[in-house]
Amino acid sequence: MNALAGRAAVVRYSAANALADFAASYTWSTWLLGWVARMVCQVVFFTLAGRVLGTAGQEEFLLVGNGLMVCVIEAMQVVASTTWERRAGTLPLLIASPAGLFWVFVGRSLQWLASGIATSCIALLTISPFFGVDWTPRQLLLLVPLVAATAAATYCLGLFLAAFVLRAREMRSIVSNVAYLVMMAICGVQVPTGYWPGWVRAFAELLPLTHGLRAVRALRDGSAWSGQLAPVLLLGLVGAGWLVAARLAYGLWVGRGRKDGSIEFSS
């Protein structure tokens, strides 16, 4: 119990640092008029593409998919922000401290998680009326937790990738961008997952967005509780799997860094 409380404290203090970083990067006006407006325009762009295609239901399909995709894009910024500690030269100090490095990084980039959930919900709720998509009070009540769960599970995937990017800091933006673009392509955002060959569909099942999007679409379609519960459970399972993999990856990275002396005070 003491160990659990200690880890929670590490995550809490690290999250406070993350929020301070966010406050230094954005004001309310720059966040709303800069980042949020940009993401809303992106969702509108892809939704209008569905109007051009003229297929029944295509607009709603693209609106829901790209609206949820917003929280994934922001959650994946954990890959880049994790490397900030190496750039600042504080990484060896974190490794030498009694706090576990993994739990430091769990909280280190939580600002993206909070911002991504808010931005995704704003995009979905503000754009929907203009495309004839109405959410019932029950759907709205469940939508926010589903967005949050999708963002959190994706954050776990980002933590796993970040562990490897720590050894190649110059690859941080490439890895995060490629990761979310792959998810945008194969997880059912722009086209149904059934469009892809079997091996691609199998890979998509390992990505949190696939299950989060299924849960949101099932909610939107008015499916029974059983139809919504299955993708939610899979979303939690996949997210937990990536969290465990991330913890193992950080342990591996620290072990190799100590062995070959690649953990320096600045790079």
Side-chain angles (χ1 to χ4, degrees), residues 4 7-19 21-22 31 35-36 39 64-82 100-125 139-163 165 175-176 179-180 182-184 187-189 204-219 228-250:
L4 183 61
R7 291 166 184 167
V10 170
V11 173
R12 184 172 69 252
Y13 290 131
S14 189
N17 185 41
L19 291 176
D21 273 343
F22 193 76
W31 181 71
W35 176 255
V36 175
M39 290 293 100
V64 172
N66 286 281
L68 188 63
M69 185 68 211
V70 168
C71 75
V72 171
I73 292 173
E74 199 151 4
M76 289 305 296
Q77 292 193 48
V78 62
V79 177
S81 58
T82 295
L101 181 70
F102 173 69
W103 300 108
V104 172
F105 282 125
V106 167
R108 178 64 183 84
S109 299
L110 283 177
Q111 75 272 29
W112 307 128
L113 196 56
S115 177
I117 294 167
T119 306
S120 192
C121 290
I122 290 171
L124 284 168
L125 299 181
Q139 289 174 333
L140 290 175
L141 188 64
L142 296 174
L143 177 63
V144 176
L146 288 177
V147 172
T150 303
T154 304
Y155 185 79
C156 295
L157 169 60
L159 282 170
F160 173 77
L161 296 176
V165 174
V175 170
S176 60
Y180 82 68
V182 168
M183 286 188 276
M184 181 183 282
C187 290
V189 175
E205 294 297 319
L206 300 176
L207 303 174
L209 178 59
T210 302
H211 307 289
L213 194 47
R214 282 177 186 160
V216 174
R217 293 200 193 282
L219 175 67
Q228 298 173 33
L229 185 60
V232 171
L233 291 176
L234 286 172
L235 174 62
L237 182 63
V238 170
W242 284 114
L243 185 64
V244 171
R247 186 173 185 182
L248 294 174
Y250 278 97

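The first residue in the sequence is number 1, and the count goes up from there.
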Asks: Between Met183 and Val72, which heavy-atom pair has the shortest distance, and what is it?
Replies: CE-CG1, 3.7 Å

Asks: Determine whether Trp35 and Glu74 satisfy the following criterion, side-chain contact (heavy atoms from CB on, under 4.5 Å), listing intermediate values before the conclusion.
Replies: CA-CA 10 Å; Trp35 176 255; Glu74 199 151 4; 2.8 Å; yes

Asks: Would you give the length of the straight line joining atom OG of Ser176 to atom CD of Gln77, rounded to the nearest 0.5 angstrom?
Replies: 7.5 Å

Asks: Quick check: do Tyr250 and Leu159 have side-chain heavy atoms less than 4.5 Å from each other?
Replies: yes

Asks: On a heavy-atom basis, which atom in Arg214 and which in Glu205 lie closest, and how many Å separate them?
Replies: NH2-OE2, 2.5 Å

Asks: Would you check if Thr150 and Leu213 make a side-chain contact, meaning some heavy-atom pair closer than 4.5 Å?
Replies: no

Asks: Val189 versus Leu68: any side-chain heavy-atom pair under 4.5 Å?
Replies: no

Asks: Side chains of Leu125 and Leu140: closer than 4.5 Å at any heavy-atom pair?
Replies: yes

Asks: Looking at OG of Ser115 and CG of Leu110, how far apart are the two atoms once the value is rounded to the nearest 0.5 Å?
Replies: 12.0 Å

Asks: Ignoring hydrogens, what is the shortest heavy-atom contact between Arg108 and Tyr155? Give both atom names and the distance.
Replies: N-OH, 4.4 Å

Asks: May I ask you to test the Trp242-Val238 pair for a side-chain heavy-atom distance under 4.5 Å?
Replies: yes

Asks: List for me each residue that meets ring-ring contact (aromatic ring centres under 6.0 Å, His included) alongside Tyr180, sequence neighbours excluded, and say none if there are none.
Replies: none

Asks: Cut-off 3.5 Å, side chains only: do Trp112 and Ser81 have a donor facing an acceptor?
Replies: yes

Asks: For residues Cys187 and Leu207, report the shortest heavy-atom separation together with the two atoms involved.
Replies: SG-CD1, 3.6 Å

Asks: Considering all heavy atoms of both residues, which atom of Val36 and which atom of Thr119 are nearest to each other, and what is their separation?
Replies: CG2-OG1, 3.9 Å

Asks: Check step by step if side chain to side chain donor-acceptor pair (under 3.5 Å) holds for Trp103 and Ser14.
Replies: CA-CA 8 Å; Trp103 300 108; Ser14 189; over 6 Å; no

Asks: Any non-hydrogen side-chain atom of Met76 less than 4.5 Å from a side-chain atom of Leu161?
Replies: yes

Asks: Ala240: what forms a side-chain contact (heavy atoms from CB on, under 4.5 Å) with it, not counting sequence neighbours?
Replies: none

Asks: Treating Thr210 as the side-chain partner and Ala204 as the backbone partner, does any N or O pair qualify as donor plus acceptor under 3.5 Å?
Replies: yes

Asks: Identify the two heavy atoms, one from Cys71 and one from Ile117, that lie closest to each other, and give their separation to 0.1 Å.
Replies: CB-N, 4.3 Å

Asks: Rounded at 0.5 Å granularity, tell me how far CG in Asn17 sits from CD in Gln111.
Replies: 8.5 Å

